[in-house]
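Reviewing the structure listed below.
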Amino acid sequence: MMLKSITESFATAIHGLKVGHLTDRVIQRSKRMILDTLGAGFLGTTTEVFHIASQYSKIYSSNISSTVWGQPDIRLPPTYAAFVNGVAIHSMDFDDTWHPATHPSGAVLPVLTALAEALPRSPKFSGLDLLLAFNVGIEVQGRLLHFAKEANDIPKRFHPPSVVGTLGSAAAASKFLGLSSTKCREALAIAVSHAGAPMANAATQTKPLHIGNAAKHGIEAAFLAMLGLQGNKQVLDLEAGFGAFYANYSPKVLPSLASYSWLLDQQDVAFKRFPAHLSTHWVADAAASVRKHLVAERALLPTDYIKRIVLRIPNVQYVNRPFPVSEHEARHSFQYVACAMLLDGGITVPSFHECQINRPQVRELLSKVELEYPPDNLPSFNTLYCEISVTLKDGATFTDRSDTFYGHWRKPLSQEDLEEKFRANASKMLSWDTVESLIKIVENLEDLEDCSVLTILLKGPSPPEVASNSPACNNSITNLS
């Protein structure tokens, strides 16, 4: 019997996985991911990068259209609705993170909500249809990340969602559309030619486009495959194919469908409590502990008492930004997150407004920060830690260390806290009733008979009293928690 190629095994799994393959843990974990992703997307519609992407996308029109989340006055072709919603999800770096490092949900969920709304189908797409396609898209990303040892570390060359997210999006779209195994294989081949974006655009307004493009290109790959476009039938097997993105490429076939084991069953995702690069959450956790030695809770930190701040962190250069000048740079700055936590006692969305970044007290603290890279502190979300030492002018030094923060897969957010995060994010654009209805629908998604019940709520509307997004630019943020 001839062995399947790697590419063929992926196509067979995408086509062949059924609702019955989903485990209770996978369903529960993926529903949490969906709720968190929707919240990040609603909040992201308040950003400048979302506004630019949506204004650009309005030049496209089609006989079929889909909702832009929280924007009842904007409808776009499904490819561009997925693009704009994907940009919103990642616009603040508030979306989920997996290991090996990627943001798995943002490239997949916008694809499915766009397709569920735009395409006629009888019977209608159900919640289980959405859950299955969502998990197929997540699974493909995880399996691809295990093709190279290089992918276990925080990336240096390509932003992972632009690579694996594009193929995960194509897989999810192919599953949702019911493509044959042959068409699924072609969709993967087409998606590889859409994949890849450099890490050089991290900490810029362009980085959220990586998620939006992954979603958009995945739908395009599936549609083009449906129309008969063909690509290399062994695109995942070859170093000149998907292997072009990774050194020491070692692809593996997927498990048999008879005893399929989901990666999400084995490895949960991390949910962020504030909108910044995941590695900064260890820094914030350690800084919060040190702060307790320096001042009473809620009190302002006397910055002139501090002589030196040392951060012992992994060597991740694109999160080493000593003096960030924009919100995107601040979200990718070990130094800024440490100083903001020490100064204010908490980090939330307003912490990254430019008026907060440029406070004189923040700039003074930033000038006192030094970085050290312990050889045992490797750049992996599964093993990294942060240790922070603050030395005062009287010579006293206080040190604390974080090995795991609340929200990491080893210390997951409670369902109550995850829902509170969603409420805080979604209420920027939606009424209270809509927010609560979405929580209930996602909680019982496997029982939903018609996904249009979900997509109708995603439109809004947005009453003026709940849609305000003006930054709080006072001189301190002492009310953060």
Side-chain angles (χ1 to χ4, degrees), residues 44 47-50 52-53 56 82-84 86-108 140-142 144-170 188-218 220-221 235-236 238-249 275-280 314-322 324-334 379-381:
T47 62
E48 183 181 5
V49 63
F50 167 81
I52 293 170
Y56 156 73
F83 167 70
V84 169
V87 169
I89 289 165
H90 198 55
S91 62
M92 290 190 182
D93 221 309
F94 213 179
D95 44 334
D96 56 21
T97 304
W98 210 12
H99 177 76
T102 196
H103 305 285
S105 300
V108 173
V140 164
Q141 294 178 69
L144 292 173
L145 285 168
H146 283 81
F147 279 8
K149 186 177 183 297
E150 176 188 3
N152 284 299
D153 294 338
I154 297 173
K156 296 178 181 177
R157 295 190 300 151
F158 295 101
H159 190 210
S162 73
V163 180
V164 299
T166 304
L167 276 76
S169 167
L188 291 174
I190 297 165
V192 170
S193 283
H194 281 309
M199 286 306 304
N201 272 324
T204 74
Q205 287 185 323
T206 296
K207 187 184 179 215
L209 302 188
H210 300 173
I211 298 281
N213 281 330
K216 171 177 171 285
H217 291 324
E220 289 177 340
V235 73
L236 301 184
L238 304 173
E239 286 191 11
F242 188 76
F245 297 107
Y246 294 108
N248 302 312
Y249 188 61
H277 190 272
L278 192 72
S279 62
T280 67
N315 187 0
V316 184
Q317 285 304 307
Y318 76 93
V319 198
N320 173 9
R321 299 182 187 273
V325 296
S326 70
E327 62 169 294
H328 296 281
E329 288 187 1
R331 299 183 201 283
H332 294 76
S333 171
F334 288 125
S380 166
F381 290 142

Do you know the tightest heavy-atom contact between Phe334 and Asn320?
CD1-N, 4.4 Å

Using every non-hydrogen atom in the two residues, find where Ala53 and Val84 come nearest and quote the distance to one decimal.
O-CG2, 3.8 Å

Smallest separation among heavy atoms of Val192 and Phe245, with atom names
O-CZ, 4.2 Å

Can you name the nearest heavy-atom pair linking Asp96 to Ser105, along with the distance?
OD2-OG, 2.5 Å

Does Ser333 use its side chain to pair, donor to acceptor, with the backbone of Ala330 at less than 3.5 Å?
no

Closest contact, heavy atoms only, Leu188 versus Leu236:
CD1-CD1, 4.2 Å

Side-chain touch Val163/Phe242, heavy atoms, less than 4.5 angstrom
yes

I would like to know whether His332 and Asp93 meet side chain to side chain donor-acceptor pair (under 3.5 Å); could you show each step before the answer?
CA-CA 9 Å; His332 294 76; Asp93 221 309; 3.3 Å; yes

Using the rule given for ring pair (Phe, Tyr, Trp, His ring centres under 6.0 Å), can you reason through Phe147 versus Tyr249, listing the C-alpha separation, both sets of side-chain angles and the distance that settles it, and then say yes or no?
CA-CA 6 Å; Phe147 279 8; Tyr249 188 61; 5.7 Å; yes

Going through the distances and angles, do His103 and His90 end up as a ring pair (Phe, Tyr, Trp, His ring centres under 6.0 Å)?
CA-CA 9 Å; His103 305 285; His90 198 55; 4.5 Å; yes

Which residues share a side-chain hydrogen bond (donor to acceptor under 3.5 Å, both in side chains) with His99, sequence neighbours left out:
none

Run the ring pair (Phe, Tyr, Trp, His ring centres under 6.0 Å) check on Tyr318 and His277 step by step: do they pass?
CA-CA 10 Å; Tyr318 76 93; His277 190 272; 5.2 Å; yes

Mind listing the closest non-hydrogen atom pair of Gln205 and Val49 along with its distance?
O-CG2, 3.2 Å

